[in-house]
Structures are given as structure tokens and as C-alpha cells.
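Encoded as C-alpha cells, the structure appears first; notes follow it.
A note on names: the letters A, B, ... follow the listed sequences, proteins ahead of strands, and every chain is numbered from 1.
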There are 2 protein chains.
Amino acid sequence: MKTDIEIANSIEIKPIYEIADKLGIDRDLLEPYGRYKAKLPLSLIDKSKIDGKKLILVSAISPTPAGEGKTTISIGLTEGLNRIGKQATVVLREPSLGPVFGIKGGATGGGYSQVVPMEDINLHFTGDFGAIEKAHNLLSALIDNNIQSKTHSLNIDPRTVTWKRVMDMNDRSLRHIIVGLGGTSAGIPRETGFDITAASEVMAILCLSDDFEDLKNRLGNIFIGYTFDKKPIYARDLHAHGAMAALLKDAIKPNLVQTLEGNPAIIHGGPFANIAQGTNSIIATRMGLTLSDYVVTEAGFGFDLGAEKFFDIKCVKAGLKPTAVVMVATVRALKYHGGAKLDQLKEPNLEALKKGVANLEKQVENMKKFNICPVVAINKFITDTDEEIAFLAEKCKELDVPMEVAEVWAKGGEGAENLARLVAKVAEQCTCNMKPLYDWEWSVEKKIETIAKELYGAAAIDYTAEAKSDLKKVMDLGLDKLPVCIAKTQKSLSDNPKLLGRPKDFVVTVRQIEIASGAGFIIPITGSIMRMPGLPDIPAAEKIDIDNNGKITGLF
Amino acid sequence: MKTDIEIANSIEIKPIYEIADKLGIDRDLLEPYGRYKAKLPLSLIDKSKIDGKKLILVSAISPTPAGEGKTTISIGLTEGLNRIGKQATVVLREPSLGPVFGIKGGATGGGYSQVVPMEDINLHFTGDFGAIEKAHNLLSALIDNNIQSKTHSLNIDPRTVTWKRVMDMNDRSLRHIIVGLGGTSAGIPRETGFDITAASEVMAILCLSDDFEDLKNRLGNIFIGYTFDKKPIYARDLHAHGAMAALLKDAIKPNLVQTLEGNPAIIHGGPFANIAQGTNSIIATRMGLTLSDYVVTEAGFGFDLGAEKFFDIKCVKAGLKPTAVVMVATVRALKYHGGAKLDQLKEPNLEALKKGVANLEKQVENMKKFNICPVVAINKFITDTDEEIAFLAEKCKELDVPMEVAEVWAKGGEGAENLARLVAKVAEQCTCNMKPLYDWEWSVEKKIETIAKELYGAAAIDYTAEAKSDLKKVMDLGLDKLPVCIAKTQKSLSDNPKLLGRPKDFVVTVRQIEIASGAGFIIPITGSIMRMPGLPDIPAAEKIDIDNNGKITGLF
């Protein structure tokens, strides 16, 4: 069997100009990065052209180690839509280097549903992550420089500084560090740490901004900490936002690449799906909708996390209305939800499937709460039996949701033509008018309670003493009208990663509430959230190589 | 008076294809990065085309706070050469972000001698620094991951690890840090720190490599530290070099931009001039020589540091032979060397000039020790008097070195036509055959002594106990046949920054000897070398801004 990189290298990649031509982009406006990537200037966005375009969100059941394949379905569905004569673009997030060198690998799809050039997209791409990292760390340097300054001190209390540094690397040793050692000329010693770049608030900000003005305004709003006399300090107090935005002058522009079948792919931004919104930039989505009839996009983790934030934060902010939402499920993952062991998912097990389907049931119920037009896509594996597939078809009929099977990994767009026909029909007939689950004006507690009870299925919400104190801080800063971006384990509908399927009668505990006043949301934390992963005993990096012609091997 | 960025924005910048056309590059081989920058594939280098081409090195007297203008002279001279009908390319280093946000500003020349687009070149450019940073920090993460590993431990003694992390930022708080706090899952606590990216050995390696094979080999040779049982550990022991090289897949390719007058500029790499070789990549120099008749390039700091390393390390490694060497001096800087105060350099002061010219005298003597064809260029300021210039002309006649005045900041290429004519004549008539100052095969002490006595003018060399112990380590590792890259203050010919002009009878003290076995040199340290600068009280970052059209202000 061919590896992903072998499949990617086996196709004839088209010059990026040809992809741009498909979108009707004037070649003179394209900003090529090498021959197969390009940046798209913001001037191409035309909001008047967005009305009536079809925005398709791809979401999924609660993720399992078996993999669901949101990205491969998104890419395959786009190929399928183009095959049936629709002009469709897939709009995705950019991969982080951390997983590339760690365990997970890249994020460019797999098999015959990939975006290319995969080596480029997975390694630096057009430098967006690097630019976001620099903008973030410039603010960090300005903070410590101000703490050190005798003549221009803002009187910042170093113990209150919550702004850390970031690096796009799995490097656990940087999680908790002490900086500023080495005497009087080398800063003030204090505890801090590094997060991975995808977890940077600058990433969340870039992906929620309309343009440079909005970007700068949001960067200026970043909350840093307090002065010794308890006054809040924001990035604008350090005059940091102009230079930070200047560092993002190119990163703000979406990147154009292509699918294996030569269809347009716009890839831009990659915020975490727990402490941030987990979906590509508003600018990229608008770019896609300006330039093509169909945009297929995805949101991180399961529907309860990714899609909820997509609707309640991104769509509300940007005035976007999805015309169809695809719920991806696999027989394997549902069997895992039903208690089957990871190494036994290839074996037929209707009992486990019948039990595990409760997760799909709940997530489909959740879809309906947003007043959108739902579709279920079964991402088929060769080991799935006809009986298992038939069971899921019957279940979807019961749930009154249209369902289709797709085989995108092995067959690319050909394996998604039926799904594409169904999605196109649903999107074209859709008269739904998406409504968010909550109103931003509600109290923080009401917003949290609504999500936890209605989507997660929680019986009650509990706040730790720390969370209550954080809540007071949020109120004092006047940030309580911001939407909430709940950080919760993706593995369960509950806040306990071990409760698979459809847990009931559980209490969600809010442990802390963090502030992302630049991004424009607050983050109730319901579990331990990893913001700086570590490398495994044998990192994937050890297998990556490049020959003297610049040909890379070992990426996946 | 217009600012640099205003001047840069006032000219009509040409599409990068047109610049590539001037160099005879097939447009299909160009890898554009936006419309005004491009990467040049290594396949364009043709060593058979290098013979007979003119390589011009621009060096300078010992730097002063008054500024000498090596970069502006290099750019202006290239404009001048093109004006008099020579096909010339300027080949320079890439700027670091640290100084851009700190005090010094960018590194794209100034006035009417600039390379453009200056905003792009000064901010991320084509991502090379970011890639070098990632390659460096991947190795750091792999080291700490191995120290943490139970199943694949190499038994590395964390106290011996000399490999730090890097960030392209002036951030003094990162100089001395403790990582690995936070309990058993977050690494082993140990002392380490961050250097600025320009100081990374990966930067030095990239700039000394011939191709991917050489690059990988050098990356593998990086010395990390020792095991608990005192065995040396190299990057290849961690299987790091393949992935590091893959991260550098595009960074290894030189970048093509243009001068204000539309001539080709190749900008690639930016290693420090104290702990590294301080000049652009061998690949970029070869690219320039393949594609044009004249290549003008520069080396960091004064002749005693930058040019010495250029000849003894870069030229010897790459088999390059410069055909002319330009020594840049200014009346102002020489007056400063003669004891004039910084705020009085605009005033005529022939006495100070007569005293300070001793620095130029010694540096011209130094030029002759390499058997190259020398030229002195006086970078003229409006405040220089005719008498002062006449004195320098007379002095150069005495020293038997051809001299010309240039006014490149105010007049661009027009101000360098006479200098260009002189340089072209010298280069065309040059029959010198550059010879290095020392043989790599000599003992470390003999190599150090030769440089310190012959070039710096030292009376003797002293080694601290630590340096003697380091020397033994170098011998034990079998690295004593590597060239030496002496880290010394650039401000003086001696190792004491306060001794201006031409100090005599001084002793050079070698305090430590560091190993850069990947880059392929050892580093005798003769003073305190700053590898992670700090920001000033009012960082330049505070003035940098971007408007809603993406137009940047405040860069200089």
C-alpha cells in the first residue's frame, strides 16, 4: 500500500495559476509562494458575492483513537462536488509542526483525499505559524522589557502576567520555566512557560479578524495581567499592537493550494479546538465564498465542541450561515463508543455498534438545536460489514436525517459522489436559518449552562472557588458579554474523557475561567487542557529525511 | 528629509521576473514569493561558470557608533558597476528581527542605497530565519525528550548539554532560564537559555553548506554534550539531522530581490560575525557568481573579524578567491577613533582624523597579508570637509592603496560611479591569488596566535584555565584541525572595546573555547559576547504600524 506522501507525489500537481484560474482570480493579483502555493490578497473578498453561496460545515461524532476522518471527508466531498458539476472549494486549517514531529503526523488529509504539496503545507507552509509566533513573542518580550524598565515602567506585577510565550513544537520541557535569571541585566526572575503556537491567542485573533483594522484592535485588546495597584494591562498599553499586526502582514492573507484532483483548497489559520475556536479564519471562509459556489469547511473535535464554537462564535461574529452540516461517523469509532477495544475494531460487532450509536444520536440531536440542515456521512472502511452499514442507515432514517456512505481515503472524489449529490440537494433545498444556541448578551453562567445542558447533556454545572473568583474578574473587566469558548475533553460529551457513548446525569465542573479579550471570548476550563504537547519516545522526526535533490521522505 | 521606508516606497519596484531576466534565469525555474521576491533553486548553480568572475568583498575599519556603511556602499557600488556597464549583483545577509524591534533597525541599506521590498526583507522575508529557528529548536526538543525518555535514553548528562534554544527576538529574559519544571510529566529541570536565531549554529551551518548532503552531514555533526559516562553526543545520535534538513528545504535556497535602481540582489543567511562567520551563504555567493560577472558582498564588523573569517573560513571552505577587497571608512568614524566625541563628529577636526587614521592604516596593512587587491572607499557625509578628504587621499597614496570617495546614501549609484570604475579596474587587473592567513592543519594555538599577532597586533596571547581545559576537550574530540572563528569585540583591534585607533602592546586573553563541530570551526572567546540582546527602554516596535491597506510605517 502506498503511503500518503507517495500518493501525493504520484499525481501531476498543477501550477497554482491554473487553480487560481478556476476561481476566476486575475493572475496579477495572485501572490505565488513557489509554484504550487499562493497567498490571496484581501481585496479579492467581496461580501456582496457571498449571499446565496453554499457553506457546508463538516463536523463529527466525539473523536476516538480510531479516527473519524473529518479532513479526508471534507477534501473528498469537495472532489465529489466538483465531479458532479458544482464549483466547490475546501477551506481548512493549517497544520502545526508539533504533531508532524510527534505522533499524529500532518493534517493534509490521507490516501486519495489529500491537499498538496503536502510537504510544504506540513512544513512551515507560507510562514503563517512563524509570523503568529513572532507576533505573540514580541508582546512577551515587550512585557518583560517593561517589567525591567526603570524609565518607562507601567508598574506591571510580574506575578499576575498570564501572557506566556509560544513555539510551534512539541516540547514539554518548556511548559513550566523560570525566566529572567542571570543577574540585574537579564530581566526579573519569574515563572512562566511556552504553549504551542496553535494555542496562541494571536492565532485565535487572526482567525476571527475581518481586516487589518479589526486585527489591530483585537491585538490591542489582549489582556496581559495587572499592575501592582490592580489595574488591568492590555497589549495596547505597551504599544505592541501595531508592530504585532505588521508582523502579520502576510499571515492575514489566506493560502491557495490544491486537492489531489486539482480542485481549489484554501488553507488558513489553525487555532486549537479546546481553548480556541478550532476552525480556519473568517477571512478564508469569506474568500472561499466570494470565489466559489460551494465552500466545504470543518471544525475541530466533535460537534459538541467544534461545531458549537463554529456557530456561536465564528458564524455569529462573521454573519455566516451554513446551508448544510455534515456529521462524519465511522463504524469503527461507534463500536469504540460502544465499548469495543481499539485492536478489535476491524471485527464485526453489531452489539458494540448498537450501543455506541448513542453518541451519533446525541450529536444529531445537537445538530437540530441550531436550526441547520443536517446530513450524516459514514466514512467507510474496508472492514465495515454490510450489516453494520445497514444498521446505521436504519438508525439515520429513525433520526430523520439523510445519510450517505463515502469511501474517500481509498477512492478520492469518486468515493464521495453520492455524498456530494446528497449534500448538494440538501444545501440547495435548505430553507433553514441557522440560529445560535445562546445570545452573547446572556450572563456567563447562563451561556455555560445552556451549552452544557443542551449540547453535552449535563445534569448540572459546578464552579470551583477559583472559577468563581475568575468569574468576578471577568465581570470587573466588563468582559461578560463575550461568547464562551468552553475547553472540554473532546473524547466525551461530558467533561470526563472516560465516559464514551452518550453519558447521562453528569455534572460539568468549571475549574477556571480564562480571558481571551483580544480574540473576544472567555474560556471556561472544565478539565486539564494540554497546551504544550510532548514528543513520544520515538518521535516521528527520527524518520523524516531529505535527499540531495530536496525530496522529503517520512512525512505522513 | 525622506525616511528610508519613504524612499523605498517612492520608487517603482519591478516584478521579480524582470530581475530574474537580467540574470538569464528561466522564468519557469524561479520560485516567486509574492511578486517582488523569489527563491532560486540550487540547480541554477554552475561551478564551471564561476571561474573568471569578479568577487568583490566589502569590509571596513573597526566599527564605531558613527556608522561606516558597509551595506550602503555594497549596494551603491553594485548600482555604480551596473551604471558603468558591468553586470553586477549584490549578495548580502538577511536581517534579524531583533534589531528591527530594538534600536538598530533593519539591514537593507539606507537612503538611496537600499534593497527592496524593505518591509518584506526586514519582516520574516521568505521565512529562512523561521525555518532555521525551527530546525534548531527541534534538536533542543529532541534532546530534552531523550533526557526524559525511559525506553530510548542515550544517558545524556543534562548538566553537560551546551545546545540551547533560539528565538529571533531581542528578549533578555530568555538568556538564562530553567526548563523542565512542573513535575515528572514535564521534563527534567535544568539550566539553559535562548540565543537570538542569528547566533544559532544551524545558521552558521546553512551558510557554509554546499548542498543538502553537506547540510545534513554538518547538522549531524553538531556537538550536544556528554553522556554520564563522558561519551560525546552529536545530533546524529538523536537521528535529528534528517528532519532538521527537511525543515530547511526552502531556507537553503537563496533569495532574489532588487536594489532601488532595479539591479539584482541575492540575500541569504545571516550568521553572527563574532561567534560565527558573519557573512552570507556559500550557496548565495556561488549563485551570484554563476549568474553575473561581478558579485559585491560584505562581511560583518571590521576587517580584522569579518574579512579574516571570510577568507580563512568561507573562501577556504568554498574555494573562492576575491578579486578586489574594498575597505570602507568614513571621516566621522576615523575622527571617533582619534578621540573625538560622538556628538562632535560633524565638526571639522583634522587632529582627531590624523590620530584615528591609524585604524585605517592597520586595517590596510591587514588587507595586504592576504595577498588580495585592495581599494579604500571613503563613504562621504555632507559634513566632511575638503581638507579632511584630501588628508585621507594623501594617506592612501602613502599606503599605496587606491582610494575613491563615494556618496551612496544621498545619491545612490550615481554617487558610486567613480568608485565602481576604480573597483572594476582593480578587479580586472588583479593578478593576486588570495592566500589564507593560516593553514587549518596548524595547531589551535598557532592559528589563534597568528591571527591575534598579525591582524590584531597583539603582543601575546593568554589562556584562562577554563580555556586550557576547553582546548583539551577540543583535542580529545579530534576537532583541532578545524579553523578558528575568534569571538572578539568588534569595536577595537584588541579584545578591549575601549582601545580605539590602533592599540599596541596588548595581550589577548582567550577565556573559553567553544565547539561548533557542525559548522566546522571552533570559537575562541576573548570577551563577553552577547548572544541574546535586550530591547531598549522605548523599543522601535512601539513606532511600527500598519494601516488597513497593509501599508507599514515606522520601519527603518
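- Atom CG of Asp537(B) and atom OG of Ser153(A) lie 10.0 Å apart (nearest 0.5 Å).
- A 4.5 Å side-chain heavy-atom check between Phe101(A) and Leu138(B) finds at least one atom pair inside the cut-off.
- The CD1 atom of Ile177(A) sits 10.0 Å away from the CD1 atom of Ile178(B) when rounded to the nearest 0.5 Å.
- Not one N or O on the side chain of Arg35(B) forms a donor-acceptor pair closer than 3.5 Å with the backbone of Pro32(A).
- Between Phe194(B) and Phe194(A), the ring planes are parallel. Angles under 30° get that label, and only those over 60° would be called perpendicular.
- The backbone N or O of Pro539(B) lies less than 3.5 Å from no partner atom in the side chain of Asn145(A), so there is not a single donor-acceptor pair.
- Here the side chains of Leu238(B) and Glu542(A) are not in contact, with every heavy-atom distance at 4.5 Å or above.
- Expressed to the nearest 0.5 Å, how far CZ of Phe129(A) lies from NZ of Lys134(B) amounts to 10.0 Å.
- Counting heavy-atom pairs closer than 4.5 Å to chain B, the top-ranked of the candidates Ser185(A), Gly534(A), Ala240(A) is Ser185(A).
- Note on Glu31(A), Lys543(A), Lys253(A), His152(A): by heavy-atom pairs under 4.5 Å with chain B, the leading option is His152(A).
- Atoms CG and CG, from Asn548(B) and Leu42(A) in turn, are 8.5 Å apart once rounded to the nearest 0.5 Å.
- Proximity of a side-chain donor or acceptor of Lys216(B) to a complementary backbone N or O of Ile546(A) within less than 3.5 Å is detected.
- In this structure, His124(B) contributes its side chain and Gly130(A) its backbone to no donor-acceptor pair below 3.5 Å.
- Of the possible polar contacts, none joining the His176(B) side chain to the Ala186(A) backbone as a donor-acceptor pair under 3.5 Å is found.
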